[in-house]
Enquirer: 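Starting off with a structure, shown below.
Computed from a predicted structure; not experimentally measured. Residue numbers start from 1 in every chain, and the chains themselves are labelled A, B, ... in the order their sequence lines are given, proteins ahead of strands.
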There are 2 protein chains.
Amino acid sequence: MPEQYRQLGMKLTPQRLAILHYLSGNGTHPSAENIYKDVLKQFPTMSFATVYNTLDALAEKGGLKVVTVDPDKKRYDPNTGPHHHLYCIKCKNIVDINKEFKIRLSDEMRRDFDVLAVCIEFHGICRKCKK
Amino acid sequence: MPEQYRQLGMKLTPQRLAILHYLSGNGTHPSAENIYKDVLKQFPTMSFATVYNTLDALAEKGGLKVVTVDPDKKRYDPNTGPHHHLYCIKCKNIVDINKEFKIRLSDEMRRDFDVLAVCIEFHGICRKCKK
DNA sequence: ATTTTACTGATAAATATTATCATTTTAGAA
DNA sequence: TTCTAAAATGATAATATTTATCAGTAAAAT
């Protein structure tokens, strides 16, 4: 797991390891604040700058996905494989969908636009929020 | 067109008409700031509060879609019919795709989650940005 | 061990959005 | 029309999220 950082050309610091540890296998799609608050327990001097620096660096190098389904804030997803999301508009929970959907733009559109990723978001109400 | 407001149970004001006029048929997916700056030309006293109030009211009543594909800010879409989006990660332009894709969650998932909308976003590089 | 490079974290700042509220305007009733 | 209730405007303040700055520090390369 720490190798992931090295392979991405990032320096290994205890703070970053703590962030990576929090993210690893985390399917809750945490916000920067969620991450900050958790890592703060181990590093009382942790600052938001470090959280954002690390997330930005990871995202840029492809070690993390930024999820934009929540209109209020960015959410982060350590699952970098192809997958999609359920988003509950009431509780704001995001859940991975690992099913693959066969989606394809027309050849004409693909000539004009290099598709790098396809994000499918199902917006709705989760079971808990249905009461 | 003004009827759209009335039907939604909103009061007709000159400011709102200007916002609606700017949005009507607008395929650029403007931000609140884009809208504010345009309407300001006709209403020098226009405030952001009015823009946000109007957008929120319209969105809540279904007369407007909030697009969350741009991580930096909310974008607004007067096209309320089912459609999807191309998003250029370089110039941040958003383009409508009116093609329909046959996407369906498994019956099992649909039991646990009431799907209200499906958003498909193609992230990539548009023709202009390819140089 | 030393140097280079990059990270941390305190802080400030920028940006986006929401809240408050006195004044004004709309829409419908009288 | 005029009056009235309800709702909108806009000035302003406040909050939230994210980015920028930079001196001190720590990690990795030499």
Enquirer: Can you tell me the distance, in whole Å, between the CG atom of A:L55 and the P atom of C:dT8?
Expert: 11 Å
Enquirer: Need to verify one output field. Residue with the more 5' nearest nucleotide on DNA chain C, B:R75 or A:Q15?
Expert: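 The residue mapped nearer the 5' terminus is A:Q15.
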Enquirer: Give a yes/no answer on whether the side chain of B:Y52 brings an N or O atom under 4.0 Å of OP1 or OP2 in C:dT17.
Expert: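 Indeed, a polar side-chain atom of B:Y52 lies that close.
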Enquirer: Mind calculating the distance between CG (A:N53) and P (C:dA6) to the nearest angstrom?
Expert: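 Rounded to whole Å, this separation is 14 Å.
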Enquirer: Output the distance between atom CD (B:Q15) and atom OG1 (B:T54), rounded to the nearest 0.5 Å.
Expert: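 Between atom CD of B:Q15 and atom OG1 of B:T54 there are 8.0 Å.
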Enquirer: CG/A:L55 to CG/A:L23 distance, rounded to the nearest 0.5 angstrom?
Expert: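 One finds 6.5 Å between CG of A:L55 and CG of A:L23.
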Enquirer: Just N and O in the side chain of A:K73: are any of them under 4.0 Å from OP1 or OP2 of C:dT15?
Expert: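 Answer no for this pair, as no side-chain N or O of A:K73 is under 4.0 Å from OP1 or OP2.
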Enquirer: Has A:D38 got a side-chain atom pairing as donor or acceptor with A:N34's backbone, closer than 3.5 angstrom?
Expert: no
Enquirer: Output the rounded distance in Å from CG (B:D72) to P (C:dA16).
Expert: 8 Å
Enquirer: With a 4.5 Å heavy-atom cut-off, do A:H85 and A:F122 have their side chains touching?
Expert: no
Enquirer: Would you mind telling me which residue lines up with the more 5' stretch of DNA chain C, B:P14 or B:D56, judged by nearest nucleotide?
Expert: B:D56
Enquirer: So A:R110 and A:D107, salt bridge (Lys or Arg N to Asp or Glu O under 4.0 Å) or not? Walk me through it.
Expert: CA-CA 5 Å; A:R110 295 219 315 291; A:D107 291 344; 3.1 Å; yes
Enquirer: Could you tell me whether a side-chain N or O of B:H29 sits under 3.5 Å from a main-chain N or O of B:I94, the two making a donor and an acceptor?
Expert: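 Side chain of B:H29 to backbone of B:I94, a donor-acceptor pair under 3.5 Å: yes, one is there.
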Enquirer: How far does CZ of B:R111 sit from OG of B:S106, to the nearest 0.5 angstrom?
Expert: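 One gets 8.0 Å once the value is rounded to the nearest 0.5 Å.
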Enquirer: Check the interface with nucleotides 27-30 of chain C: list each N/O to N/O pair with the protein under 3.5 Å, or write none.
Expert:
residue	atom	partner	partner atom	Å
C:dA27	OP1	B:L12	N	2.9

Enquirer: Quick check for you: name the first and last nucleotides of DNA chain D, 5' to 3', having an atom under 4.0 Å from a heavy atom of chain B.
Expert: D:dA6 to D:dA11
Enquirer: Would you check if B:K102 and A:F101 make a side-chain contact, meaning some heavy-atom pair closer than 4.5 Å?
Expert: no
Enquirer: Could you give the distance from CG (B:L20) to CG (B:L64), rounded to the nearest 0.5 Å?
Expert: 9.5 Å
Enquirer: Does any pair with a residue in residues 57-68 of chain A pass side-chain hydrogen bond (donor to acceptor under 3.5 Å, both in side chains), and if so which ones, sequence neighbours excluded?
Expert: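 Non-adjacent pairs meeting side-chain hydrogen bond (donor to acceptor under 3.5 Å, both in side chains): zero.
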Enquirer: For the helix from C:dA1-D:dT30 to C:dA30-D:dT1, what is the angle between the axes at its two ends, each from 5 pairs, rounded to 10°?
Expert: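 Comparing the axis at each end, I get an angle of 30°.
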Enquirer: Can you pull the salt bridge (charged side-chain N to carboxylate O under 4.0 Å, His left out) pairs that have at least one residue in residues 84-99 of chain A, sequence neighbours excluded?
Expert: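 Checked against salt bridge (charged side-chain N to carboxylate O under 4.0 Å, His left out) - neighbours excluded - the pairs reaching residues 84-99 of chain A are A:D72-A:K92.
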Enquirer: Go through residues 38-46 of chain A and report each residue with a non-hydrogen atom lying under 4.0 Å from DNA chain C, sorted by number.
Expert: A:T45, A:M46
Enquirer: Flag the pair B:D77 / B:H83 as yes when at least one side-chain heavy-atom distance between them is below 4.5 Å, and no otherwise.
Expert: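 Result yes, sub-4.5 Å side-chain heavy-atom pair found.
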Enquirer: Just wondering, more than 12 heavy atoms not from A:R104 lying within 6.0 Å of its CZ?
Expert: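 For A:R104, atom CZ is not crowded (no more than 12 foreign heavy atoms under 6.0 Å).
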Enquirer: Looking at the side chain of B:A49, which of C:dT18, C:dG9, C:dA19 is the nearest nucleotide?
Expert: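 Of all the options, the side chain of B:A49 is nearest to C:dA19.
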